[in-house]
Visitor: 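Right, I'll just put the structure down here and ask away after.
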Amino acid sequence: MVQSASFDLPASPIPDSGAVLDWYDRHARILPWRVPPQDRARGIKPNPYHVWLSEIMLQQTTIAAVGKYFAAFTRLWPTVADLAAAPLDDVLVQWAGLGYYARARNLHACANAVMENHGGNFPQTAARLRDLPGIGDYTSAAIAAICHDEQVAVLDGNVDRVMARFLALPVPVREEKALIRARVQEAVPERAGDFAQAMMDLGATICAPRRANCLVCPLERDCQGTRTGNPLTFPVPAPKAEKPHRFGHAFVIRHPDGSVFLRQRGPKGLLAKMTEVPGTEWVGEEKDANFPLKGQWKEAGLVTHTFTHFHLSLSVWSIQSDQALDEGWWACIDALDNEALPSVFRKVLKAAGLQ
Ligand code: SF4
């Protein structure tokens, strides 16, 4: 166990931005939304629309998962004007699978705000970017630094981990976020965008969650974590709050012609306005199924899914019937990719043998 009493804040080191940039010039990851450092040095600027889109998609999602979504969005909507003009439902359909659907709604609202309030150009400073829907402290700093070299600290989960190790932070990151920010801020050089991306790359490739390759790390010289002999001890984990468990039933109604009955969720709350398989409310205790149609319902399995704030167990039932419910539509099972179906309902359809 790491002792917090020995932590000496004033003595904590500052990352060597020169070493970090040297490393980045040689090892920068190639990403579809990124301008490589050599091109950046020649004056080529990143496209703010691409940087913004990637940053929103990357919130709580990996680069590997985001690649195909980024490609699809930029193919369908090459500019922020195109995205703003697209119907929200089309955006939600393309977003399906990325999760956190409030982000997709904010994405669309933000594109419209850029068109209506900023003449189609993203603002250039973090302070002004922060006024846009769905853009918080991190995203505003990232866009301003990457696109315009604003000298602001950009702290994502990767950078937090690198800094927790670099400082041998004896407490969970959230308790010393201000210190991390201050140390990174002191280090930010003129090439602020490349530095921000370099720190993210370091966290993704060298100082990764389960491995720290200290021998090739540009921060090794001053790193306090590596000196402890066990840098993976950091970041000190925060105590985990127990996630509650909810239960519900999902009803898969299959028409004899092969289609399946779907409906739209309500306008507010979790997965608002997304497409769903009909079902019960999700509650804190297991209850008997209250079937929406009379007939021979068959048990099709149990689906489990974890949301940010709770675990869900859904009992899946299926029936063959040509009877529709009050609101909804029959969807062709060959075209389910065109429905804004969140992952949890794709799991439900899979359990019923439809995906
Ligand atoms: S020296 Fe090791 S622990 Fe320190 S930042 Fe680099 S990889 Fe992480």
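Since we're looking at a predicted model, the values are computed, not measured.
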Visitor: When you check the side-chain N and O atoms of His27 and Thr205, is any donor under 3.5 Å from an acceptor?
Guide: no

Visitor: Side chains of His309 and Lys243 only: does a donor on one sit below 3.5 Å from an acceptor on the other?
Guide: no

Visitor: Tell me if the centroids of the rings in Phe310 and Phe307 come within less than 6.0 Å of each other.
Guide: yes

Visitor: Does Lys177 pair with Asp160 as a salt bridge, N-O distance under 4.0 Å?
Guide: yes

Visitor: Start with the C-alpha gap between Arg161 and Asn158, add the side-chain angles, then the distance that decides, and say whether side-chain hydrogen bond (donor to acceptor under 3.5 Å, both in side chains) holds.
Guide: CA-CA 5 Å; Arg161 179 178 56 261; Asn158 277 328; 2.5 Å; yes

Visitor: Keeping Ser259 on the side-chain end and His255 on the backbone end, is there a donor-acceptor pair under 3.5 Å?
Guide: no

Visitor: In chain order, what residues pass the side chain to side chain donor-acceptor pair (under 3.5 Å) check against Asn230, with sequence neighbours excluded?
Guide: Thr233

Visitor: Would you please indicate yes or no on a ring centroid separation below 6.0 angstrom for Phe261 and Trp329?
Guide: no

Visitor: Counting only heavy atoms not in Asp288, do more than 12 sit closer than 6.0 Å to its CG atom?
Guide: no

Visitor: Counting the benzene-type ring for Trp, do Phe291 and His249 have ring centres under 6.0 Å apart?
Guide: no

Visitor: Under a plain distance cut-off of 3.5 Å, with no hydrogens placed, do Arg165 and Thr226 share a side-chain donor-acceptor pair?
Guide: no

Visitor: Around atom CD of Glu190, are there more than 12 heavy atoms of other residues, nucleotides or ligands at under 6.0 Å?
Guide: no

Visitor: Kindly write out the residues that satisfy side chain to side chain donor-acceptor pair (under 3.5 Å) with Arg263, not counting sequence neighbours, or none if the list is empty.
Guide: Glu276

Visitor: With the side chain counted from C-beta on, respond yes when Leu349 and Leu336 share a heavy-atom pair under 4.5 Å apart, and no when they do not.
Guide: yes

Visitor: Test Glu299 against Ser318 for side-chain hydrogen bond (donor to acceptor under 3.5 Å, both in side chains), laying out the working first.
Guide: CA-CA 7 Å; Glu299 213 166 345; Ser318 72; over 6 Å; no

Visitor: Can you tell if the side chain of Gln124 reaches within under 4.5 Å of the side chain of Leu129, non-hydrogen atoms only?
Guide: no

Visitor: Measuring centre to centre across the rings, with the benzene-like ring taken for any Trp, is Tyr49 within less than 6.0 Å of Trp77?
Guide: no

Visitor: Using a strict cut-off of less than 4.0 Å between a Lys/Arg side-chain nitrogen and an Asp/Glu carboxylate oxygen, indicate whether Lys45 and Asp149 qualify as a salt bridge.
Guide: no

Visitor: Indicate whether any N or O donor in one side chain lies under 3.5 Å from an N or O acceptor in the other, for Tyr138 and Gln59.
Guide: no

Visitor: Between Trp52 and Phe122, does the ring centroid distance fall short of 6.0 Å?
Guide: yes

Visitor: With sequence neighbours left out, write down each residue that passes side chain to side chain donor-acceptor pair (under 3.5 Å) with Tyr69, or none if nothing qualifies.
Guide: none

Visitor: More than 12 foreign heavy atoms under 6.0 Å from CG of Asp326: is that the case here?
Guide: no

Visitor: Is there a side-chain contact between Leu155 and Arg181 in this structure, where contact means two heavy atoms from C-beta onward sitting under 4.5 Å apart?
Guide: yes

Visitor: Looking at Glu281, I'd like to know if its CD atom is crowded, meaning that more than 12 non-hydrogen atoms belonging to other residues, nucleotides or ligands lie closer than 6.0 Å.
Guide: no

Visitor: In plain terms, say whether Asp137 and Arg130 are close enough for a salt bridge, that is, a side-chain N and a carboxylate O under 4.0 Å apart.
Guide: yes

Visitor: Are Thr280 and Lys287 close enough that some pair of their side-chain heavy atoms sits under 4.5 Å apart?
Guide: no

Visitor: So Ile30 and Pro36, do their side chains get closer than 4.5 Å, heavy atoms only?
Guide: no

Visitor: Using the rule given for side-chain hydrogen bond (donor to acceptor under 3.5 Å, both in side chains), can you reason through His305 versus Ser343, listing the C-alpha separation, both sets of side-chain angles and the distance that settles it, and then say yes or no?
Guide: CA-CA 9 Å; His305 193 82; Ser343 303; 5.4 Å; no

Visitor: Identify whether the distance between the nearest side-chain nitrogen and carboxylate oxygen of Asp25 and Arg191 falls below 4.0 Å.
Guide: yes

